[in-house]
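The structure that follows is given in the form of structure tokens.
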Amino acid sequence: MELQGVAALVTGGAHRVGKAIVMALAEAGCDLVLHYNRSVDAAEATAEQARALGREVRLVGADLADPYLSDEIIAGAGDLAPVRVLINSAGVFLEDTLGGVDVDTWNQSMAVNLRAPVFLTQAFANALPDGISGSVVNVSDWRTARPYPDHFSYSVAKGGLDSFTVAAAVALAPDVRVNAVALGAILPPPGKDSAYLKQLAQEIPLERVGGTEPVSQAVLFLLRNHFMTGEIIRLDGGAHLR
Ligand SMILES: NC(=O)c1ccc[n+]([C@@H]2O[C@H](COP(=O)([O-])OP(=O)(O)OC[C@H]3O[C@@H](n4cnc5c(N)ncnc54)[C@H](OP(=O)(O)O)[C@@H]3O)[C@@H](O)[C@H]2O)c1
């Protein structure tokens, strides 16, 4: 897909990984629909940075735990429609175990990490005009293959996101391609210090955390490569090899 002038929706685009994807798309020539939930100030600041590159940006605030907002979020593109790129980056990394998880935690994890990408993808595909192609990239986690015991519902939801990526690639072909990036240690959780980073790096064959640049590069690659669908690219510094 040629990205110049294409409208792209990024969920959770205000900061961190989502922001990096927003800025990479802006640099590639996309106009942006920047979704946020709580981080309104960061969303406005990111939008200003993308506008400074000459891009149009529309902001859409929505809680993805609400299952009925997908059409509204896509419609937030307004005059930028049709949205031809959807990046499902928003997520929640809740702590729980199989032994201790309660229904509210499970529901929140499933709602944001899995249900929202499913119904946003549905709304996105339904809103594409006939004959116009689209591309979706889901932001997953390599640990679906070796689930975190202390992030049980998160791991199961992201595993569902991987399955959804493949199912949607089949269901939406040939008009819409659906791929995913499966992230490893890209950014440390907010508030963690350098000792945490050092510890994290020791567990990774490449001995470092990735930063957001590899994610942006992979997302652009998946969007531009017209013969890839149903692929899940690991960006984990080789962590899965250990
Ligand atoms: N960081 C990593 O190293 C890493 C590793 C593996 C996978 N990932 C995945 O990469 C993605 C981005 O990671 P990150 O570390 O940048 O995330 P993060 O800092 O935890 O931020 C979470 C993002 O999701 C949005 N979000 C959370 N709950 C939401 C809700 N109920 N409704 C709408 N939006 C909601 C937040 O929006 P607001 O701030 O506006 O509320 C925020 O933009 C996630 O899917 C995560 O699972 C990240």
Side-chain angles (χ1 to χ4, degrees), residues 9-24 32-47 59-70 72-73 76 86-95 104-105 107-120 136-148 151-162 164-165 180-192 196-197 199-201 203-204 206 208-216 218-219 232-237 239-240:
L9 166 61
V10 182
T11 67
H15 55 95
R16 288 170 54 88
V17 171
K19 174 182 178 177
I21 296 171
V22 164
M23 294 310 299
L32 273 311
V33 185
L34 195 165
H35 160 270
Y36 65 94
N37 184 34
R38 294 188 179 150
S39 302
V40 59
D41 292 344
E44 281 168 359
T46 301
L59 288 167
V60 181
D63 183 352
L64 294 178
D66 183 329
Y68 300 109
L69 296 178
S70 303
E72 218 172 286
I73 294 169
L86 168 63
I87 313 294
N88 286 307
S89 181
V92 278
F93 191 51
L94 303 176
E95 276 189 44
D104 288 345
T105 306
N107 284 345
Q108 177 72 2
S109 211
M110 292 296 146
V112 180
N113 294 316
L114 178 56
R115 187 178 65 200
V118 169
F119 285 96
L120 266 177
V136 178
V137 180
N138 295 320
V139 181
S140 189
D141 192 311
W142 82 269
R143 292 291 302 250
T144 59
R146 208 181 308 153
Y148 298 98
H151 291 87
F152 167 72
S153 61
Y154 167 87
S155 302
V156 176
K158 290 290 193 183
L161 188 62
D162 289 354
F164 169 64
T165 299
V181 285
L183 309 188
I186 295 299
L187 293 176
K192 296 290 185 184
Y196 177 88
L197 276 182
Q199 166 66 27
L200 212 56
E203 295 164 10
I204 300 170
L206 293 185
R208 56 184 184 265
V209 297
T212 56
E213 179 65 23
V215 183
S216 306
V219 168
I232 302 170
I233 299 182
R234 273 189 298 249
L235 301 162
D236 67 351
H240 69 281

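Counting begins at 1 with the first residue of the sequence. As the structure lists them, so they are numbered: ligands from 1, and atoms in each ligand from 1.
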Next item on the list: Name the option, out of G184, G91, P188, A62, that contains the heavy atom nearest to atom 22 (C) of ligand 1.
Entry: G91
Check: Under a heavy-atom criterion of less than 4.0 Å, does R143 contact ligand 1?
Finding: no
Note to self: Out of all atoms in ligand 1, which are within 4.0 Å of some heavy atom of H35? Include the element for each.
What the structure shows: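 Counting from 1, the qualifying ligand atoms are 33 (C), 34 (N).
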Item checked: Side-chain heavy-atom pair I73, L64 within 4.5 angstrom cut-off -> yes
Checklist line | Expected output: side-chain H35 to main-chain G12 donor-acceptor under 3.5 Å | finding: yes
Note to self: Tell me the contacting part of V112 for ligand 1: side chain, backbone, both, or neither, using a 4.0 Å heavy-atom threshold, strictly below.
What the structure shows: side chain
Check: Near R234 CZ, under 6.0 Å, is it more than 12 heavy atoms from other residues, nucleotides or ligands?
Finding: no
Check: Looking at ligand 1, does Y154 have a heavy atom less than 4.0 Å from it?
Finding: yes
Next item on the list: Pull out every atom of ligand 1 sitting under 4.0 Å from any heavy atom of I186, numbered as shown with elements.
Entry: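 Counting atoms of ligand 1 from 1, those under 4.0 Å from I186 are 2 (C), 3 (O).
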Margin query: Check this for me - ligand 1, G18, N or O atoms closer than 3.5 angstrom, yes or no?
Written below: no
Check: For ligand 1, which atoms sit closer than 4.0 Å to a heavy atom of Y36?
Finding: 40 (O)
Next item on the list: Report yes if the side chains of L187 and T212 come closer than 4.5 Å at any heavy-atom pair, otherwise no.
Entry: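 SC-SC contact between L187 and T212 confirmed.
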Notebook entry, point to check: For atom 39 (O) of ligand 1, which protein heavy atom lies nearest, and how many Å away is it?
Noted result: S39 OG, 2.5 Å
Check: Is a side-chain N or O of S109 found less than 3.5 angstrom from the main chain of T105, in a donor-acceptor match?
Finding: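 Flag not set: sc S109 to bb T105 has no pair under 3.5 Å.
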Checklist line | Candidates V139, L161, V92, N88 - the one meeting side-chain contact (heavy atoms from CB on, under 4.5 Å) with N113 | finding: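 Single side-chain contact (heavy atoms from CB on, under 4.5 Å) partner of N113 among V139, L161, V92, N88: V92.
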Notebook entry, point to check: When you measure from atom 16 (O) of ligand 1 to every protein heavy atom, which one gives the shortest distance, and what is it?
Noted result: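 Looking at atom 16 (O) of ligand 1, the protein heavy atom closest to it is V17 N, 3.1 Å.
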Next item on the list: Answer yes or no for K158: is there a heavy-atom contact with ligand 1 below 4.0 Å?
Entry: yes
Note to self: Looking at R146, I want to see if its CZ is surrounded by more than 12 non-hydrogen atoms of other residues, nucleotides or ligands under 6.0 Å.
What the structure shows: yes
Note to self: For A47 versus L59, what's the shortest heavy-atom pair and its separation?
What the structure shows: CB-CD2, 4.1 Å
Next item on the list: Check V112 against P117 and note the closest heavy-atom contact, atom names and distance.
Entry: O-CD, 3.5 Å
Checklist line | Those atoms of ligand 1 less than 4.0 Å from some heavy atom in R16 | finding: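 Listed by number with element: 1 (N), 14 (P), 15 (O), 16 (O), 18 (P), 19 (O).
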Notebook entry, point to check: Numbering the atoms of ligand 1 from 1, which are under 4.0 Å from a heavy atom of V139?
Noted result: 9 (C), 10 (O), 11 (C), 45 (O)
Next item on the list: List the closest protein heavy-atom neighbour of atom 32 (N) of ligand 1: residue, atom name, distance to the nearest 0.1 Å.
Entry: L64 N, 2.8 Å
Notebook entry, point to check: Looking at atom 41 (O) of ligand 1, what's its closest protein heavy atom, distance included?
Noted result: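 Going by distance alone, atom 41 (O) of ligand 1 is nearest to R38 N, 2.8 Å.
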Check: Looking only at non-hydrogen atoms, which of S89, A182, S140 approaches atom 45 (O) of ligand 1 most closely?
Finding: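 Minimum heavy-atom distance to atom 45 (O) of ligand 1 goes to S89.
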Next item on the list: Using the six-membered ring wherever Trp is involved, compare the ring planes of F93 and Y154 and label them parallel, tilted or perpendicular (cut-offs 30° and 60°).
Entry: perpendicular
Checklist line | V92 contact mode with ligand 1 (heavy-atom cut-off under 4.0 Å) | finding: side chain
Item checked: Options L187, L94, L183, T11, ranked by nearest heavy atom to atom 48 (C) of ligand 1, top entry -> L183
Notebook entry, point to check: Closest heavy-atom contact between G184 and W142?
Noted result: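 What the structure gives for the nearest pair is CA-CD1, 3.3 Å.
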Check: Relative to the heavy atoms of D63, which atoms of ligand 1 are at a distance of less than 4.0 Å?
Finding: 30 (C), 31 (N), 32 (N)
Check: Is there a donor-acceptor pair closer than 3.5 Å between any side-chain N or O of T11 and the backbone N or O of A90?
Finding: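 Yes.
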Checklist line | Donor-acceptor contact present, side-chain R115 to main-chain A65, <3.5 Å | finding: yes
Item checked: Verify atom 27 (C) of ligand 1: protein non-hydrogen atom under 4.0 angstrom away -> yes
Check: Quick one: are M110 and V156 in side-chain contact, heavy atoms under 4.5 Å?
Finding: yes
Next item on the list: State whether the shortest distance between N or O atoms of D141 and N or O atoms of ligand 1 falls below 3.5 angstrom.
Entry: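 N/O-N/O distance below 3.5 Å does not exist for this pair.
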Margin query: Show the atoms of ligand 1 that are less than 4.0 angstrom away from any heavy atom in G12.
Written below: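 Those of ligand 1 that fall under 4.0 Å from G12 are 43 (O).
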Note to self: Just to confirm my output: which protein heavy-atom neighbour is closest to atom 21 (O) of ligand 1, and how far is it?
What the structure shows: H15 CE1, 3.8 Å
Check: What part of A90 sits under 4.0 Å from ligand 1 if we count only heavy atoms: the side chain, the backbone, both or neither?
Finding: both
Item checked: Shortest protein contact, atom 40 (O) of ligand 1 (heavy atom only) ->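 The protein heavy atom lying closest is N37 N, 2.7 Å.
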Item checked: N138, T144, V137 screened by side-chain contact (heavy atoms from CB on, under 4.5 Å) with S140, the one that passes -> T144
